[in-house]
Colleague: 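Have a look at this one before I ask anything.
Residue numbering restarts at 1 for every chain, and letters A, B, ... go by the order of the sequence lines.
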2 protein chains.
Amino acid sequence: MSVTSPAGFEAAGVAAGIKASGDLDLALVVNRGPRQDAAVVFTGNRAQANPILWSKQVAADGQVAAVVLNSGGANCFTGAEGFQTTHATAEAVAMALDVSAGDVLVCSTGLIGEQLPRERLVAGVATAAAALSVDGGLDAARAIMTTDTVPKTSARSRDGWTIGGIAKGAGMLAPGLATMLVVITTDAELESGELDAALRAATRVSFDRLDSDGCMSTNDQVSLLASGASGIRPDPELFTEALTEVCTDLAVQLQADAEGASHDIAILVEHAETEDDAVEVGRSVARNNLFKAAVFGNDPNWGRVLAAIGTTSAPFDPYAVDVTMNGVRVCSNGAPDRPRDEVDLTPRAVSLVIDLKAGDASAMIWTNDLTHDYVHENSAYAS
Amino acid sequence: MSVTSPAGFEAAGVAAGIKASGDLDLALVVNRGPRQDAAVVFTGNRAQANPILWSKQVAADGQVAAVVLNSGGANCFTGAEGFQTTHATAEAVAMALDVSAGDVLVCSTGLIGEQLPRERLVAGVATAAAALSVDGGLDAARAIMTTDTVPKTSARSRDGWTIGGIAKGAGMLAPGLATMLVVITTDAELESGELDAALRAATRVSFDRLDSDGCMSTNDQVSLLASGASGIRPDPELFTEALTEVCTDLAVQLQADAEGASHDIAILVEHAETEDDAVEVGRSVARNNLFKAAVFGNDPNWGRVLAAIGTTSAPFDPYAVDVTMNGVRVCSNGAPDRPRDEVDLTPRAVSLVIDLKAGDASAMIWTNDLTHDYVHENSAYAS
């Protein structure tokens, strides 16, 4: 049920001493082949961490031998010294595995603006390489946790091939990806161009629709590595479908573990003119602090939904909109319908349906509520 | 020091029984002339409350006799019944003052999606009309408070003419205006077109630069009424300058009383290519929950500043940027400079300077931190 579920992969998670706590903090995922095709999507943020700058070059030729990931520091805005640390980490992996450093992706997560301890990283890579195993996926998932409370893993199998994944991320979740590091592996045989198309299609409707707090990260990276070890070339459509399932499963796990959240809110925008319109409308609600604070207080404050969507440029008439919360239609045609006290917001799962009555397109956006614990965790992060 | 400071104006604030608390909840500001020129700016939100729909028609001819304002309910998304309530309120003012209802602006603030008690409003208008006085400005300022803890008033005098204002607003503060109701009066003699130009110039760099929580309101309205009672036609540039001072003074009072805030953050973006770029960069920080929560925790987390501004499309190099917090340059050229523990964030006032090194334009954006009290107040608002 992780990156080591597909054939051809080994992984490890070790404590390299990057985190003061002594917890696992360095993960290694290795593709033993026979093929090493890969595709990667990166954060859309122009402020990019050193591992992003490095990994973009690695990913360019569609060949990846290994991914090394650390928690305990983002290695972002750390200057030339920071980039050299990323480079040294990749070189350490290359030496330990006898591969080219140019085929080693590097991912980092943690505080921005602090140097990583380079020697510990390099030593940790050697330890991780020695610990590699076909059962190491869960340790790798544990080693990339920051404020995550549980490791996130997923897998799907079809006729003779498997997709597996690990993910971390609990805050800074936003479109264009967010402080999420994800490694997905498969033993299916697909070329890097096919992997890239499948990965972009899958992330577009999964990770990109998760908008926990509207804050886009500097370090996001979702990697897809294919070993071809099953010897099977799947139908690209079936592969994309299974990959989307794995990505959605991981995205929902990220939502469920979002920092300080007490509600998981699924926002379905229906009858938009275009899918982009539906996404824009959903995001405007997902980023509205007043609505999110109301959900925290179990208050079905649908007025804040309409106030939020009124700021978008999507074509619809605010006075035609219906809003349904947890099955109760509280607003019809932009006016009150059922009494708000009929809505029970005490369960963690919240369903919000916004009917724009402007077309045939729809989209789902996932977010969380705004809570005391969110404020607390993010006001004390650096300490 | 309020709307009754300029000659030609009377005001009142009364308890009409709209608020369950029995507090003042209805305000009336009347222009006794000799002139009744006016200009109004409205929320940029497409989701517009009934008083906005009404007042837009009133403002169209540049003539306004009176403004009636209520707290205790926004009268937004309340359907035809709600619009009739707004209309009835204006008619009540017209009858009491012997003016045309078409010259009466209506403003409402409070919860969205609930009907206002029409009969109490109409009765309250009669009470307010009877209480009108040239000293009534402060009562009017008090009657429009919702979660505001203090009334907001301001005035500036120049050679023979005066500008005065009252304002409310403590949450939902965002550009394009925010749950702010503002009435500004002057005894200067200016035509509505001149007033409009001055008001747009003044709000653009004051209320529009206040972005407390990124949530745009459905009810914002800033009215400027000119009685001409001083008999003086001021130089338009001097008038705009004094008006900008009054608007900025009121905006800063709104920031200082923002719901639950424990820090007032002034974000100065320097050396942008254009002023619009500077505003976009400043807003991206003002709306970043992670940065705002860090300030609440007195944590000078400049990495979150860079992560926020990296999401903009403004032309600059993230690796050239300097960041200074409360006088300490914590980041130079996108890399760590002074240690973060040199920054003292315990005072309420926080100065953040972002030097983009991309041009000659600059802009100031005002915001607040994200606190436990913000979450608390906004999770319990409806109850």
Colleague: Pick one of side chain, backbone, both or neither for B/Thr78, based on which atoms fall under 4.5 Å of a heavy atom in chain A.
Modeller: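 Just its backbone gets close to chain A.
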Colleague: Please look at B/Ala49 and chain A and tell me whether the side chain, the backbone, both or neither of the residue comes under 4.5 angstrom of a heavy atom of that chain.
Modeller: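 Only the backbone of B/Ala49 comes within 4.5 Å of chain A.
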Colleague: Quick check on the interface: out of A/Thr311, A/Leu306, A/Asp369, who has the most heavy-atom pairs with chain B under 4.5 Å?
Modeller: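 With the most close heavy-atom pairs to chain B, the winner is A/Leu306.
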Colleague: Ignoring hydrogens and angles, tell me if any N or O in the side chain of B/Arg46 forms a donor-acceptor pair with the backbone of A/Thr312 under 3.5 Å.
Modeller: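 Yes, because the side chain of B/Arg46 sits within donor-acceptor range (under 3.5 Å) of the backbone of A/Thr312.
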Colleague: Who wins among A/Gly79, A/Cys331, A/Gly334 for the most heavy-atom pairs under 4.5 Å with chain B?
Modeller: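 Ranked by heavy-atom pairs under 4.5 Å with chain B, first place is A/Gly334.
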Colleague: If we define contacts as heavy-atom pairs under 4.5 Å, which of B/Pro318, B/Ala80, B/Ala335, B/Cys76 has the most with chain A?
Modeller: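 Result: the option with the highest number of such pairs is B/Pro318.
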Colleague: Which value, rounded to the nearest 0.5 Å, describes the distance between A/Leu370 atom CG and B/Tyr374 atom OH?
Modeller: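 Rounded to the nearest 0.5 Å, the CG-OH separation comes to 7.0 Å.
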Colleague: In Å, rounded to the nearest 0.5 Å, how long is the span from CG of A/Leu290 to CD1 of B/Ile112?
Modeller: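 Between atom CG of A/Leu290 and atom CD1 of B/Ile112 there are 9.0 Å.
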Colleague: To the nearest 0.5 Å, tell me how far B/His372 NE2 sits from A/Thr371 OG1.
Modeller: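 OG1 of A/Thr371 is found 9.0 Å from NE2 of B/His372.
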Colleague: Among A/Pro300, A/Ser284, A/Ala314, which residue has the highest count of heavy-atom pairs closer than 4.5 Å to chain B?
Modeller: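 Answer, by heavy-atom pair count under 4.5 Å with chain B: A/Ala314.
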Colleague: So which of A/Gly310, A/Gly113, A/Ser313 has the biggest tally of heavy-atom pairs under 4.5 Å with chain B?
Modeller: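 Between A/Gly310, A/Gly113, A/Ser313, the count favours A/Gly310.
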Colleague: So which of B/Ala293, B/Gly297, B/Ala47 has the largest heavy-atom pair count under 4.5 angstrom toward chain A?
Modeller: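 Most heavy-atom pairs within the cutoff with chain A belong to B/Ala293.
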Colleague: Looking at chain A, which one of B/Ala294, B/Ala308, B/Ala74, B/Gly82 has the largest number of heavy-atom pairs inside 4.5 Å, strictly under?
Modeller: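 Most heavy-atom pairs under 4.5 Å with chain A: B/Ala294.
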Colleague: Is it the case that the side chain of B/Asn378 and the backbone of A/Asn289 share a donor-acceptor pair, with hydrogens and angles ignored and the cut-off at 3.5 Å?
Modeller: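 Here the side-chain-to-backbone pair does not exist.
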Colleague: Quick one: sort the B/Tyr319 and A/Phe77 rings into parallel, tilted or perpendicular, breaks at 30° and 60°.
Modeller: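 Ring orientation, 0 to 90° scale: tilted.
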Colleague: To the nearest 0.5 angstrom, please state how far the CG atom of A/Asn45 sits from the CD1 atom of B/Ile309.
Modeller: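 With rounding to 0.5 Å, CG (A/Asn45) is 9.5 Å from CD1 (B/Ile309).
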